[in-house]
S.K.: 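The structure's right below; bear with me while I get my questions together.
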Amino acid sequence: MIKGLTNKYLHIDLTSRKFHFDTPPAGLFEEFIGGKGAGLKLLVDQGLITHDPFAEENPLIFITGPFTGSRVQTSARSTLVTKSPLTGTFLDSHIGGHFGPQVKRAGVDYIYITGKSDKPVYLHITPDRVSFEDAGELWGKNKFATEKKLSTAYPGTRILTIGTAGENLVKYACIGTDYNRQFGRGGSGAVMGSKNLKAVVVGGNEKVSYFDEAGYKELTAQLTKDVLAHPNRALRYEKGTSMWMRMGQEIGQFLPIRNCREVVVDDYEKITSENFKKVLNWKSTACYGCSILCSKQARWKDYEMEGPEYETIAWLGSNCGLNDPEDIAYANYLADDVGLDTISAGVVIAFAMEAFEKGIIGTKDTGGIELNFGSSEAVHEMIKKIALRADIGDILAEGSRIASQKIGKDSDYFAMQTAGMELSGVNIKGCASMGLGLATADFASHTRVWSATAEMNGELTFESTPKYIIDAQDEINTRNSLIVCDFIPFGFDRLSPILEKATDLTFSADELQELGEKITNITRMYNIKNGRTRKGDTLPPRLFKEKHLSGIFKDQYLTEEKFGEWLDLYYKERGWDADGIPTDEKLQQLKVKRF
C-alpha cells in the first residue's frame with residue numbers, strides 16, 4: 001500500500017455496461033509514480049499500441065498522481081492517456097481545475113474506460129458503484145448546457161463533458177470540466193464521442209493519508225510560503241499567461257501573426273494582458289488549492305468565462321488577424337462550448353484563411369463565408385462549422401495535415417503542423433529552438449517543452465540547444481507524473497523530499513529526471529510502432545524556406561539541411577541512432593524492454 005494514493009482503480013466497460021474496482025498492477029506507481037508515466041505503462045502493458053484510436057479497446061485513462069488534490073502547490077492537475085485520433089500516436093493531456101482531486105475523493109487513483117455504448121450514455125461514479133444513465137436528451141447539446149444540467153442533478157460532483165465537436169469526431173475535440181477547463185490537445189473528445197459517452201459525473205468524499213504526516217505538512221507549508229514569495233507568482237497573479245503577448249512582441253518577437261508569416265504586429269497593445277484586463281474586467285482565480293491564481297475570470301456583455309489564456313489569444317487571435325479582446329474572448333467561449341481545442345482550431349482556421357486568400361478555396365467551399373484574416377465573424381462561424389462538420393468544416397475537422405492533403409495545391413507549405421499536431425507556443429520564425437523541441441517531442445505541443453524564455457534571453461546557441469531541449473522534455477514528463485503544474489517555480493530538489501514524506505517512495509532529484517528520460521524513450525518506441533520516423537521529426541516548409549525574423553536564426557534561413565544537423569546532435573545526445581530509434585544500450589541503461 002502506497003500512502004498518498006487510494007491503491008484502487010475503476011474499470012468501466014461501456015459495451016457490456018459492467019464495472020469493477022481493483023488493485024493497480026504491482027509496481028506501477030513504484031516505478032512510474034502516476035500521471036503520464038503510469039498511464040503510458042498501462043497502455044503499453046495492455047498491448048494497446050497499433051490499434052485504431054476509435055476502436056472500442058482504445059481506453060480513456062483518467063489518472064492522478066500522488067500529489068493530486070494534496071497540500072502541494074499546483075497539484076490540482078490530473079492526466080488523460082489515450083491514443084490520439086489527430087496524430088495516430090500516444091497522447092497524454094492534462095487538466096487543472098477541480099476534476100483530479102474529485103477522482104481521488106471517489107476513492108480511486110484512476111478510471112479506465114473501454115468499449116462503446118450502443119446509445120448515448122453518461123456515467124455517474126461514486127466510491128462504491130457506477131450507474132450508466134441515458135444521455136439521449138443531452139446528445140446534440142454543447143458542453144455548457146450539459147454541465148449545467150448535470151451539476152444541478154448531481155450537486156457536489158465534478159463533471160467531464162464533450163460538445164458537438166466530440167460527438168462529430170472532430171480530430172481535435174476536447175473534453176471539458178468546470179466549463180472552461182479542458183483536456184485540450186490531440187482529440188480526446190473525439191475518442192469519448194466515438195464511445196457514445198457524453199459525460200462522466202464523479203462524486204465522493206474519500207480521503208487519503210500520507211506516510212509522514214508531520215514532515216509532509218512541514219515541507220508543503222514551506223513550499224507554499226516560497227511560492228507566494230517568488231516573483232513569478234506575482235507576475236502570473238497580475239497578468240496570467242497572457243503576459244507573453246507583450247514579451248513575445250517586445251522582447252522575443254515570436255508571436256504567430258497571420259498564419260505565422262510575421263512575428264510582431266503593429267496594434268499589439270490591444271491584445272496585451274493589460275488591455276484584456278481592462279476590457280474583460282478580469283479577476284484572478286485559481287485551480288483547487290493553488291496560491292498562484294494565474295487564471296483570469298472574464299465578464300463582458302452577457303458572457304462570463306475563464307480566459308482567454310496566452311495560447312488562445314495568440315493562435316485563435318493574432319494568428320487569425322484578430323485584435324479585439326471581446327472578439328477573441330467570444331471565439332474562446334464558442335470553442336469551449338462546442339468542445340474544440342482553441343490552439344488547433346486557430347491554426348486550422350488561419351490555414352483556411354490563407355488558402356482563401358490565395359484563391360485555393362472560395363465561398364462555395366466555406367458556405368458563403370468571406371474567410372479573411374481579421375474577420376471575427378469568419379472565425380466565429382468557422383468554429384461552429386468545424387464542430388458540426390458543415391461545408392469546408394468537414395475537411396478542417398480532420399486537422400491541418402489531412403486538410404492540406406485533401407485541399408492540395410501545395411497548401412501543405414503553410415499548414416502549420418508536425419506529425420499531425422498543430423504547432424503551439426510560438427512562431428518558430430522567431431524562436432527556432434522551439435522548433436527542435438516540438439519536432440522531437442512525442443507530439444508537437446508547448447506543453448512538452450518551453451525554450452522560448454531561454455532563447456529570448458540569449459541563453460541558447462545552436463550547439464547548446466539539443467541538450468537543453470532534452471533536459472526540459474524529460475523534466476516535464478516527470479512533473480506530469482507527480483503531477484504538478486509547469487508554473488510551480490521549483491525543481492526536483494524541492495519535490496523529491498515531499499514525495500518521500502507523502503508516499504515513502506524514494507526518488508532522488510537525478511532519479512526523477514531519469515524517470516522522465518525513461519518515459520521519453522517508451523513514448524518514442526510507441527510512436528515508432530505507429531509510423532513515426534525521422535522524416536516526421538520536421539517542421540512545415542514555410543519555416544525552412546522563409547527567413548527567420550528573430551532568435552538564434554535571426555535574418556537567416558533555418559534550412560532543412562541545418563535542421564538535419566540539429567536532429568543529428570539531438571539524437572546523439574539522446575542515445576538514439578541516426579534514424580531516431582533508441583539504441584539497445586540506451587534502453588538497457590534505462591531498464592526498458594524494446595517492444
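Keep in mind that the numbers below use all heavy atoms, side chains included, and drop hydrogens, waters and symmetry copies.
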S.K.: Is the shortest side-chain heavy-atom distance between Leu438 and Ile428 below 4.5 Å?
M.R.: yes

S.K.: Does any donor atom in the side chain of Tyr413 or Glu546 lie under 3.5 Å from an acceptor atom in the other side chain?
M.R.: yes

S.K.: Under 3.5 Å, is there a donor-acceptor pair linking the side chains of Asn323 and Ser318?
M.R.: no

S.K.: Verify side-chain contact (heavy atoms from CB on, under 4.5 Å) between Glu238 and Met243, making sure each step is shown before the conclusion.
M.R.: CA-CA 9 Å; Glu238 177 65 24; Met243 64 184 182; over 6 Å; no

S.K.: For salt bridge (Lys or Arg N to Asp or Glu O under 4.0 Å), just list the numbers for Glu422 and Arg401, CA-CA rounded to whole Å, side-chain angles, deciding distance to a tenth of an Å, and then say yes or no.
M.R.: CA-CA 8 Å; Glu422 283 72 35; Arg401 174 172 62 177; over 6 Å; no

S.K.: Taking the side chain as C-beta and beyond, is there a heavy-atom pair between Tyr172 and Ile343 under 4.5 Å?
M.R.: no

S.K.: So does Asp327 get a backbone contact from the side chain of His380, meaning a donor-acceptor N/O pair under 3.5 Å?
M.R.: yes

S.K.: Using the side chain to side chain contact (heavy atoms under 4.5 Å, CB included) rule, pick out the option among Leu396, Asn319, Ile383 that qualifies with Ile349.
M.R.: Ile383

S.K.: Among residues at least two apart in sequence or on other chains, which ones pass ring pair (Phe, Tyr, Trp, His ring centres under 6.0 Å) with Tyr333?
M.R.: Phe144, Tyr303

S.K.: Have a look at Arg524 and tell me which of Asp442, Asp537, Asp579 forms a salt bridge (charged side-chain N to carboxylate O under 4.0 Å, His left out) with it.
M.R.: Asp537

S.K.: CG/Asn372 to CD/Glu377 distance, rounded to the nearest 0.5 angstrom?
M.R.: 10.5 Å

S.K.: Give the intermediate values and the outcome of side-chain contact (heavy atoms from CB on, under 4.5 Å) for residues Asp474 and Glu514.
M.R.: CA-CA 7 Å; Asp474 294 346; Glu514 187 176 84; over 6 Å; no

S.K.: Nearest heavy-atom pair of Glu370 and Thr363: which atoms, and what distance?
M.R.: OE2-CG2, 3.6 Å

S.K.: Does any non-hydrogen side-chain atom of Thr583 lie less than 4.5 Å from one of Ile581?
M.R.: no

S.K.: Should the ring pair Phe254 and Trp244 be called parallel, tilted or perpendicular, given that the plane angle runs from 0 to 90° and is split at 30 and 60?
M.R.: tilted

S.K.: Please confirm whether the backbone N or O of Gly37 pairs with a side-chain atom of Ser481, one donor and one acceptor, at under 3.5 Å?
M.R.: yes

S.K.: Within this structure, what is the CG-CD distance for the pair Leu569 and Glu573, rounded to the nearest 0.5 Å?
M.R.: 9.0 Å

S.K.: With no hydrogens and no angle check, do the side chains of Arg574 and Tyr570 hold a donor and an acceptor under 3.5 Å apart?
M.R.: yes

S.K.: For the ring pair Tyr557 and His548, is the centre-to-centre distance below 6.0 Å?
M.R.: no

S.K.: Report yes or no: does Glu455 contribute a side-chain atom to a donor-acceptor pair with the main-chain N or O of Gly551 at less than 3.5 Å?
M.R.: no

S.K.: Check whether any side-chain heavy atom of Phe54 sits under 4.5 Å from a side-chain heavy atom of Pro85, and report yes or no.
M.R.: yes

S.K.: Is NZ or CZ of Lys270 both nearer than 6.0 Å to the six-membered ring centre of Phe276 and within 45° of the ring axis?
M.R.: no

S.K.: Between Arg185 and Thr447, does any side-chain donor sit less than 3.5 Å from a side-chain acceptor?
M.R.: no

S.K.: Verify the distance criterion only: is there a donor paired with an acceptor across the side chains of Glu354 and Asn259 at less than 3.5 Å?
M.R.: yes

S.K.: Checking side-chain contact (heavy atoms from CB on, under 4.5 Å) for the pair His94/Phe183: CA distance, chi angles, key distance, verdict?
M.R.: CA-CA 6 Å; His94 305 267; Phe183 286 115; 5.5 Å; no

S.K.: Inspect the contact between Glu309 and Lys296 and indicate whether a charged nitrogen and a carboxylate oxygen are less than 4.0 angstrom apart.
M.R.: no

S.K.: Keeping Ser424 on the side-chain end and Ser445 on the backbone end, is there a donor-acceptor pair under 3.5 Å?
M.R.: no

S.K.: Under a 4.0 Å threshold between the charged nitrogen and the carboxylate oxygen, would Lys171 count as salt-bridged to Asp341?
M.R.: no

S.K.: Nearest heavy-atom pair of Ala190 and Leu169: which atoms, and what distance?
M.R.: O-CD2, 3.4 Å

S.K.: Please determine which of Asn477, Thr478, Thr523, Thr79 meets the side chain to side chain donor-acceptor pair (under 3.5 Å) test together with Lys36.
M.R.: Asn477

S.K.: Determine, step by step, whether Leu86 and Ser344 satisfy the side-chain contact (heavy atoms from CB on, under 4.5 Å) criterion, reporting the C-alpha distance in whole Å, the side-chain angles of both residues, the deciding distance to 0.1 Å, and the verdict.
M.R.: CA-CA 10 Å; Leu86 183 64; Ser344 282; 4.2 Å; yes

S.K.: Write down the atom of Gly420, the atom of Thr87, and the distance for their closest heavy-atom approach.
M.R.: C-CG2, 4.1 Å

S.K.: Would Ser400 and Gln417 satisfy side-chain hydrogen bond (donor to acceptor under 3.5 Å, both in side chains), going step by step from the backbone distance to the final call?
M.R.: CA-CA 7 Å; Ser400 53; Gln417 58 83 27; 5.5 Å; no

S.K.: Taking atom types as modelled, find out whether Gln473 and Thr520 have a side-chain donor-acceptor pair closer than 3.5 angstrom.
M.R.: no

S.K.: Check Glu274 with Lys239, please: is the shortest side-chain N to carboxylate O separation under 4.0 Å?
M.R.: yes

S.K.: Once ring pair (Phe, Tyr, Trp, His ring centres under 6.0 Å) is applied, do any residues pair with Phe462, and if so which ones, sequence neighbours excluded?
M.R.: Trp566

S.K.: Is the positively charged end of Arg233 above the ring of Tyr237, judged by distance under 6.0 angstrom from the centroid and angle within 45° of the axis?
M.R.: yes

S.K.: Can you tell me if Arg236 uses its side chain to pair, donor with acceptor, with the backbone of Ser295 under 3.5 Å?
M.R.: no

S.K.: At their closest point, which heavy atom of Thr418 faces which heavy atom of Ala444, and how far apart are they?
M.R.: CB-CB, 3.9 Å

S.K.: Ignoring hydrogens, what is the shortest heavy-atom contact between Met245 and Leu255? Give both atom names and the distance.
M.R.: O-CD1, 3.7 Å

S.K.: Salt bridge check: are Arg261 and Glu357 linked by an N-O gap of less than 4.0 Å?
M.R.: yes

S.K.: Tell me whether Thr74 contacts the main-chain N or O of Cys485 through its side chain, where contact means a donor paired with an acceptor under 3.5 Å.
M.R.: yes

S.K.: Would you say that Trp282 contacts Ser242 through its side chain, given a criterion of any heavy-atom pair below 4.5 Å between the two side chains?
M.R.: yes

S.K.: Just by modelled atom types, is the Gly580 backbone N or O under 3.5 Å from a matching donor or acceptor in the Asp577 side chain?
M.R.: yes

S.K.: Does a side-chain heavy-atom distance below 4.5 Å link Leu587 with Lys593?
M.R.: no

S.K.: Less than 6.0 angstrom from the centroid, inside 45 degrees of the normal: does Arg494 satisfy that with respect to the ring of Phe490?
M.R.: yes

S.K.: Consider only side-chain N and O atoms of Asp412 and Gln405, and report whether a donor and an acceptor are under 3.5 Å apart.
M.R.: no

S.K.: If you compare all heavy atoms of Thr50 against all heavy atoms of Lys83, which two are closest, and at what distance to 0.1 Å?
M.R.: C-NZ, 3.4 Å

S.K.: Do Ile257 and Val263 come within less than 4.5 Å of each other through their side chains, counting heavy atoms only?
M.R.: no

S.K.: Please confirm whether the backbone N or O of Ile407 pairs with a side-chain atom of Ser411, one donor and one acceptor, at under 3.5 Å?
M.R.: no

S.K.: Under 3.5 Å, is there a donor-acceptor pair between the side chain of Asn457 and the main chain of Glu459?
M.R.: no

S.K.: Pairing donors with acceptors under 3.5 angstrom, does anything connect the side chains of Asn521 and Lys586?
M.R.: no

S.K.: Distance only, no hydrogens: is a donor on one side chain within 3.5 Å (strictly under) of an acceptor on the other, for Asp391 and Thr366?
M.R.: no

S.K.: Counting only N and O atoms by type, is there a donor-acceptor contact under 3.5 Å from the side chain of Gln513 to the main-chain atoms of Asp471?
M.R.: yes

S.K.: Are Ile95 and Ser78 side-chain neighbours, meaning at least one heavy-atom pair lies under 4.5 Å?
M.R.: yes

S.K.: Does one side chain, of Thr453 or Trp450, offer a donor that lies under 3.5 Å from an acceptor on the other?
M.R.: yes

